[in-house]
Novice: 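Here it is: the structure, laid out below.
These numbers come from a predicted model, not from an experiment. Atom set for the values below is all heavy atoms of this structure, side chains included, hydrogens, waters and symmetry mates excluded. Residue numbers begin at 1 in each chain, while the letters A, B, ... track the order of the sequences.
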Amino acid sequence: MVDTPGPSKVRVRMAPSPTGPVHVGNIHTALFNWLFARKFGGTFVLRFEDTDRERSERKWEDVIYEEMRWLGLDWDEGPDIGGPYGPYRQTERLDIYQRYVDQLLAQGDAYYCYCSPEELAAERQAAERAGQTYRYSGRCLHLSEAERAALAAQLEAEGRSPAVRLHVPAGITLAWDDLVRGRIETESNTIGDFVIRRGNGIPVYNFAVVIDDITMKITHILRGEGHISNTPMQLLVYRALGVPAPQIGHLGHILGTDRQKLSKRNGDAYVGDYRAKGFLPEALFNFLALLGWTPEDEQEVQSREQLIEKFSLERLTRAPSIFDLTKLEWLNGVYIRELSVEEFARRCLPFLQKAGLVEDHPSASRWTWIQQVLAIEQPRVKTLADIVQATEYFFKDEIEYDEKAVRKVLKPESRLFLQDALQLLEKVPSEKWQSGVLEGLLHEYVERQGVKNIQVFQPIRVAVSGRAATPPLFDTLALLGREKTLARLRHTLSERVPKENSEEGLD
RNA sequence: GCCGCCAUCGUCUAGGGGCCUAGGACAUCGCCCUUUCAAGGCGGAAACACGGGUUCGAAUCCCGUUGGCGGUACCA
């Protein structure tokens, strides 16, 4: 069913509209096209569909480049690097479209339409009111030469130009073997003659894509299922031009948790949102690849190279899928844990700086210490952004107490343990302030007291961090340093530990 | 309304007529490990939307229903 492409023949493309931030759905289909191209040694083309002049802006083109690079989706031809089939921006290809429009006009497969948008809207509404399916009447197709000339003159006088419509042949079946869904058929009768070139001379999407795909020699198209209903119209253009259509496949959409289109309300929709939240590009890449596709071995965690190696059209799934943030977080955690400490620290740095915890250019010794701090939290965070909350008590002078932890852990009976711990720790000189030393000291104390570890360690933990959960206590104390540890113990002792029999201990 | 696409645990999915008492992963629950939190290990709960066919046999094939989504533009 699916033709296995020969080497180096595959040409696929990503054709976004530069009208806003890059949507996760767009990058998802780009990713499959990219995997397909890389798998078969093909060419991955980037082109901008900017025929919507109202909404297209150059700055969004830069965002597209940026997000693609971030995810590691490199392109072989594109607006910025050129290529043999350029230009790669639709507004720069107007003369090309015009040539094909002229050809269709000359062949009689397209015709000028002089109807105004207002007239058309009225017709449509009338049909709707009558409960009928609206399709363009074909009025301008049946014009006599005289009528045509009159209308053309009238339009010109009004400073308008006619649109061009494709004449849709009646009673034919438009069908294709969808790369992911199998055969899909539609009757041409359900499609009215549609505009291929607007009155302003700019072609409409369904026409421009076809011309671009033909002239750029695109062999395979993988796109979102939203395009299924466009395909018959595009097939009509291929047909009128006498050019065979590329192989086309439609991927399931990515939906939010409410089964609606992904948006701010139901989970972030833009690639940039995920980057800002501290997701790793390799994790997002891996995650997206698993939405709508599964490798034969069902392995979840996979490198870019493995994904390329395993990718196949046959294992693409049809149903739409929901973007499960929780699973992305898990996967991100997996990738974070795989990073070297240096790499992890390097990637965390911007987040810490943005939060004001770390200066712009930390000294070498400071950087070494920062890396150690980050290292003990590395196995515990799900995103890079989490590192800020996780480590801030190492960086700040004043700690914030988690009141729940204080209430639960700092009891009147903790006072003795904290006082003793303080005394013991005060005797440790700076040069001996190491995790192992501190651990030996306090374990010995616990044993002498004949109490449980938790009765002593937990109050210390809360006293120095303000929290009930931190990395292993002695690593934490060691990194915190002698001065901060002692100061926090003293402060907590005087301010936060209820005295025996006092009212404070009751709530 | 009309046209089209889709339908397996909460989620991503495996499955292509007997291998299915439906497998895996995330999440969830329990236990273990443990100074707390993670991570890890072990175990549990959890699905073939519904109704008809076809067949010796259906999650798998066909029809219908329901539901979701998309299109029905001089948007892409």
Side-chain angles (χ1 to χ4, degrees), chain A residues 15-17 19 49-52 54-56 90 113 115-117 120-121 124 127-128 131-136 161-165 178 181 184-187 189-192 194-206 208-209 224-233 250 252-253 255 257 259-261 287 290-294 296-301 315 317-331 333-334 337 376-382 390 405 409 439 442-443 446 452-458 460-462 465 467-474 476:
Chain A
S17 297
T19 54
E49 306 209 326
D50 58 347
T51 52
D52 182 342
E54 307 289 301
R55 298 191 299 147
S56 297
Q90 289 187 327
C113 175
C115 302
S116 71
L120 295 169
R124 190 175 309 122
E128 247 167 60
Q132 289 176 333
T133 305
Y134 174 75
R135 238 166 266 132
Y136 177 64
S161 308
V164 176
R165 284 182 188 269
D178 195 278
R181 285 149 212 267
I184 300 180
E185 301 184 346
T186 324
E187 300 308 315
N189 298 338
T190 62
I191 304 169
F194 57 95
V195 169
I196 56 174
R197 197 201 66 184
R198 300 173 175 96
N200 65 4
I202 307 221
V204 136
Y205 168 75
N206 274 322
V209 241
E225 60 180 322
H227 284 285
I228 291 176
S229 42
N230 287 325
T231 307
M233 289 188 266
H250 293 92
H253 280 152
L255 271 23
T257 45
R259 294 193 172 275
Q260 300 292 311
K261 227 185 305 173
F287 175 73
L290 258 22
L291 247 34
W293 178 80
T294 32
E296 210 161 349
D297 58 15
E298 287 191 72
Q299 197 184 315
E300 311 270 337
V301 182
R315 296 191 65 82
T317 57
R318 298 167 294 284
S321 46
I322 291 170
F323 191 100
D324 181 5
L325 184 66
T326 314
K327 186 160 182 177
L328 206 213
E329 285 175 336
W330 161 74
L331 199 53
V334 170
R337 276 172 245 129
I376 58 170
E377 274 297 342
Q378 183 175 354
R380 296 175 165 73
V381 294
K382 288 182 157 50
V409 175
E439 180 165 10
L442 287 165
H443 262 123
V446 166
K452 288 181 179 165
N453 285 335
I454 195 170
Q455 292 176 274
V456 175
F457 295 169
Q458 214 37 8
I460 297 177
R461 170 172 283 115
V462 175
S465 71
R467 329 175 160 192
T470 73
L473 183 61
F474 304 103
T476 304

Novice: Need the pair for B/G57. Rule: Watson-Crick or G-U wobble, both distances under 3.5 Å, any strand; none if unpaired.
Specialist: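 Checking every strand shown, B/G57 finds no partner, since no pair has both distances under 3.5 Å.
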
Novice: Please give the distance between the P atoms of B/A7 and B/U60 as a whole number of Å.
Specialist: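 It comes out at 12 Å once rounded to the nearest Å.
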
Novice: If pairing requires Watson-Crick or G-U wobble contacts with both distances under 3.5 Å, which nucleotide is the partner of B/G43?
Specialist: B/C29

Novice: For the P atoms, the ones on B/G64 and on B/C6, what distance do you get once it is rounded to whole angstrom?
Specialist: 14 Å

Novice: Describe the nucleic acid contact of A/Gly292 in one word from base, sugar-phosphate, nothing, applying a heavy-atom distance below 4.0 Å.
Specialist: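 Counting heavy atoms under 4.0 Å across all strands, the contact made by A/Gly292 is with sugar-phosphate only.
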
Novice: Partner of B/U34 by Watson-Crick or G-U wobble geometry, both contacts under 3.5 Å, or none?
Specialist: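 B/U34 is unpaired by these criteria.
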
Novice: Sequence neighbours excluded, which residues qualify as side chain to side chain donor-acceptor pair (under 3.5 Å) partners of A/Gln378?
Specialist: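 A/Gln378: no side chain to side chain donor-acceptor pair (under 3.5 Å) contacts found.
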
Novice: A/Asn200: what forms a side chain to side chain donor-acceptor pair (under 3.5 Å) with it, not counting sequence neighbours?
Specialist: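 With sequence neighbours excluded, A/Asn200 shows a side chain to side chain donor-acceptor pair (under 3.5 Å) to no residue whatsoever.
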
Novice: Hey, where on RNA chain B does chain A first and last touch, going 5' to 3'? Cut-off is any atom under 4.0 Å from a heavy atom.
Specialist: B/G1 to B/A76

Novice: What does B/A14 pair with, Watson-Crick or G-U, if both distances are under 3.5 Å?
Specialist: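 Across any shown strand, B/A14 pairs with none.
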
Novice: Want to settle it: does A/Arg315 or A/Val381 sit nearer the 5' end of RNA chain B, counting the closest nucleotide to each?
Specialist: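 The answer here is A/Arg315.
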
Novice: Quantified in whole Å, what is the C1' atom distance between nucleotide B/U55 and nucleotide B/C3?
Specialist: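 To the nearest whole Å, 34 Å.
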
Novice: So A/Thr470, base contact, sugar-phosphate only, or nothing? Heavy-atom distance under 4.0 Å.
Specialist: base

Novice: Determine yes or no for a side-chain-to-main-chain donor-acceptor pair under 3.5 angstrom, with A/Asn230 supplying the side chain and A/Asn206 the backbone.
Specialist: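 Looks like no, no N/O pair under 3.5 Å.
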
Novice: Counting Watson-Crick and G-U wobble pairs only, both distances under 3.5 Å, name the nucleotide matched with B/G1, or none.
Specialist: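 Pairing partner: B/U72.
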
Novice: Taking atom C1' in both B/G68 and B/G23, what distance in whole Å separates the two?
Specialist: 27 Å

Novice: Is the backbone N or O of A/Asn189 less than 3.5 Å from a side-chain atom of A/Arg135, with the two atoms forming a donor-acceptor pair by type?
Specialist: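 Flag set: sc A/Arg135 to bb A/Asn189 pair under 3.5 Å.
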
Novice: For B/G67, which nucleotide is its Watson-Crick or G-U wobble mate, given both distances must be under 3.5 Å?
Specialist: B/C6

Novice: Only counting residues at least two apart or in another chain, list the ones meeting side chain to side chain contact (heavy atoms under 4.5 Å, CB included) with A/Leu325.
Specialist: A/Tyr274, A/Phe279, A/Phe323, A/Leu328, A/Glu329

Novice: Checking A/Glu439 now: which residues fulfil side chain to side chain donor-acceptor pair (under 3.5 Å) with it, not counting sequence neighbours?
Specialist: none

Novice: Closest nucleotide of RNA chain B for A/Glu225 versus for A/Glu439: which of these residues is on the 5' side?
Specialist: A/Glu225

Novice: With rounding to whole Å, what would you report as the distance between B/A25 and B/G40 at their P atoms?
Specialist: 12 Å

Novice: Within the 4.0 Å heavy-atom criterion, would you say A/Pro471 contacts the bases, only the backbone, or no part of the nucleic acid?
Specialist: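 Base, at least one base atom sits under 4.0 Å.
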
Novice: Under the rule for side chain to side chain donor-acceptor pair (under 3.5 Å), what residues qualify as partners of A/Arg55, not counting sequence neighbours?
Specialist: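 Result, side chain to side chain donor-acceptor pair (under 3.5 Å) vs A/Arg55: A/Asp52.
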
Novice: Give one of base, sugar-phosphate or nothing for A/Phe474, where a contact means two heavy atoms less than 4.0 Å apart.
Specialist: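 Base: the residue A/Phe474, judged by heavy atoms under 4.0 Å, touches a nucleobase.
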
Novice: Look at the aromatic rings of A/Phe474 and A/His443 and report parallel, tilted or perpendicular, splitting at 30° and 60°.
Specialist: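 Aromatic pair A/Phe474/A/His443 classed tilted.
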
Novice: Have a look at A/Pro472 and say if it touches a base, only the backbone sugar-phosphate, or nothing, with a 4.0 Å heavy-atom cut-off.
Specialist: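 Since a base atom lies under 4.0 Å of A/Pro472, the category is base.
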
Novice: Considering only the C1' atoms, how many Å lie between B/C42 and B/G4, rounded to the nearest integer?
Specialist: 49 Å

Novice: NA contact type, A/Arg197, heavy-atom cut-off 4.0 Å: base, sugar-phosphate, or nothing?
Specialist: nothing

Novice: Between B/C37 and B/C29, how many Å separate the two P atoms, rounded to a whole number?
Specialist: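 Taking atom P in both B/C37 and B/C29, they lie 14 Å apart.
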
